[in-house]
Amino acid sequence: MTATSNRRIVLASHPAGKPTLDNFRTEDAPIPAPGQGELLLETLYLSLDPYMRTRMNGTATYAAAMGLGDVMIGGAVARVKQSNHPDWKEGEIVVAYSGWQAFAISDGSSLRRVDPASAPVSTAVGVLGMPGFTAYAGLLEIGRPQRGETVVVAAASGAVGSVVGQIARIKGARAVGIAGGPEKCAFVKDELGFDAVVDHRAPDFREQLAKACPDGIDVYFENVGGQVLEAVKPLLNNFARIPVCGLVSHYNDAGEAASINLTDTLFKSLTVRGFLQNEFAERLEPTFLKEAADWIRDGALRYREDIVDGLDNAPQAFIGLLEGKNFGKLVVRVGK
Ligand SMILES: NC(=O)c1ccc[n+]([C@@H]2O[C@H](COP(=O)([O-])OP(=O)(O)OC[C@H]3O[C@@H](n4cnc5c(N)ncnc54)[C@H](OP(=O)(O)O)[C@@H]3O)[C@@H](O)[C@H]2O)c1
């Protein structure tokens, strides 16, 4: 069926705490027409990522906040439907920052070409895209795992965490994952090959984590904060490195995030370093994309996608992401 309108989801209100369906509004707008030097993109897969919650608050963070009525921001895999641009051809597949909508106009800047022959195109917003690259850059540039060291990562079955642990193992380190629930834990250990995994929902989580890290923790890749960070802190070794990638357990609350105090940082000679993946953007292509594609081909890097059908289901899926309901990289199939 050919689309006759541009289905899109806009920010209807700023969430107070957990987002609800009322914070989103679905609209049908005319399909935009590309001007000279522009392209019309048709969304195939929309990426849903935790950072979107921080942009819904109406206050600027590291990036501008979304305004009420704005199309929800987000990365997507799209097909060039129409091109008035000399560098882009109809039918090409690209990664674009085109938001929660079926169609979008682009001037061609900040698009990345995707080779549909090399991998399923949805992976261009997953293991072979921003989340995979975040894991790679944060772990290797900041965590710098050495052979035999212990690397701990939470949200270990997710888009970033799954890649962190597997790269740690590729580099000869011991990977310990933290995940929510027995099914995710089994996947992290049995399918992804982590050395150990601990369920952060278990009543004896702290004890189990200590048991899984008999030599302490050398790299803690921070994805969640909260209770997980509290359990990790006493296990940190001297000279441990902590790439601070995300704090998903705090995105729905306005309170203070869990923190590492300067006394611990001093006495244990810790390196605590926040980062946004685009800081390392020059290593995305070809370095990361080539290396990751090789690892996938060799079976050293595995991935799992959680694909939800239909743009209309994006708000519910996004709400679930912040509660751990996704199992793998969360994407929405928007078009065919
Ligand atoms: N710095 C950067 O440039 C950058 C780029 C991309 C992503 N990130 C960050 O990386 C982190 C992971 O992102 P992702 O895309 O890979 O998401 P994801 O792991 O695919 O999904 C989020 C996961 O977080 C866990 N979670 C949610 N609420 C939690 C809570 N209250 N306590 C503990 N765990 C909770 C859940 O896993 P369990 O059910 O297993 O707990 C959930 O499945 C996020 O913090 C994100 O903001 C940062």
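Values in this document were obtained by computation on a predicted structure and should not be read as measured data. In each ligand, atom 1 is the first atom listed, and ligand 1 is the first ligand listed.
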Between Phe280 and Phe288, is the ring pair (Phe, Tyr, Trp, His ring centres under 6.0 Å) condition met? List the steps.
CA-CA 11 Å; Phe280 304 105; Phe288 161 72; over 10 Å; no
Identify all N/O pairs between ligand 1 and the protein with a separation under 3.5 Å and present them as a table of atom names and distances.
residue	atom	partner	partner atom	Å
ligand 1	1 (N)	Cys245	O	2.9
ligand 1	1 (N)	Phe275	O	2.9
ligand 1	3 (O)	Gln277	N	2.7
ligand 1	10 (O)	Asn223	OD1	3.4
ligand 1	16 (O)	Ala159	N	3.3
ligand 1	16 (O)	Val160	N	2.8
ligand 1	20 (O)	Ala159	N	3.1
ligand 1	20 (O)	Asn326	ND2	3.2
ligand 1	21 (O)	Asn326	ND2	3.3
ligand 1	28 (N)	Leu322	O	3.4
ligand 1	39 (O)	Lys184	NZ	2.7
ligand 1	40 (O)	Gly180	N	2.8
ligand 1	41 (O)	His200	NE2	2.6
ligand 1	43 (O)	Lys184	NZ	3.3
ligand 1	43 (O)	Asn326	OD1	2.7
ligand 1	45 (O)	Asn223	O	2.8
ligand 1	45 (O)	Tyr251	OH	3.4
ligand 1	47 (O)	Tyr251	OH	2.8

Side chain to side chain, Ser162 and Val188, heavy atoms closer than 4.5 Å
no
Check whether the ring centres of Tyr251 and Tyr51 lie less than 6.0 Å apart, and answer yes or no.
no
Name all residues meeting the side chain to side chain contact (heavy atoms under 4.5 Å, CB included) criterion together with Asp115; count only those two or more places apart in sequence or in a different chain, and write none if there are none.
Ala117, Ser118
Parallel, tilted or perpendicular: which fits the ring planes of Trp295 and Tyr136, with parallel below 30° and perpendicular above 60°?
tilted
I want to check something: taking the side chain as every heavy atom from C-beta on, are Leu209 and Arg206 in contact at a cut-off of under 4.5 Å?
no
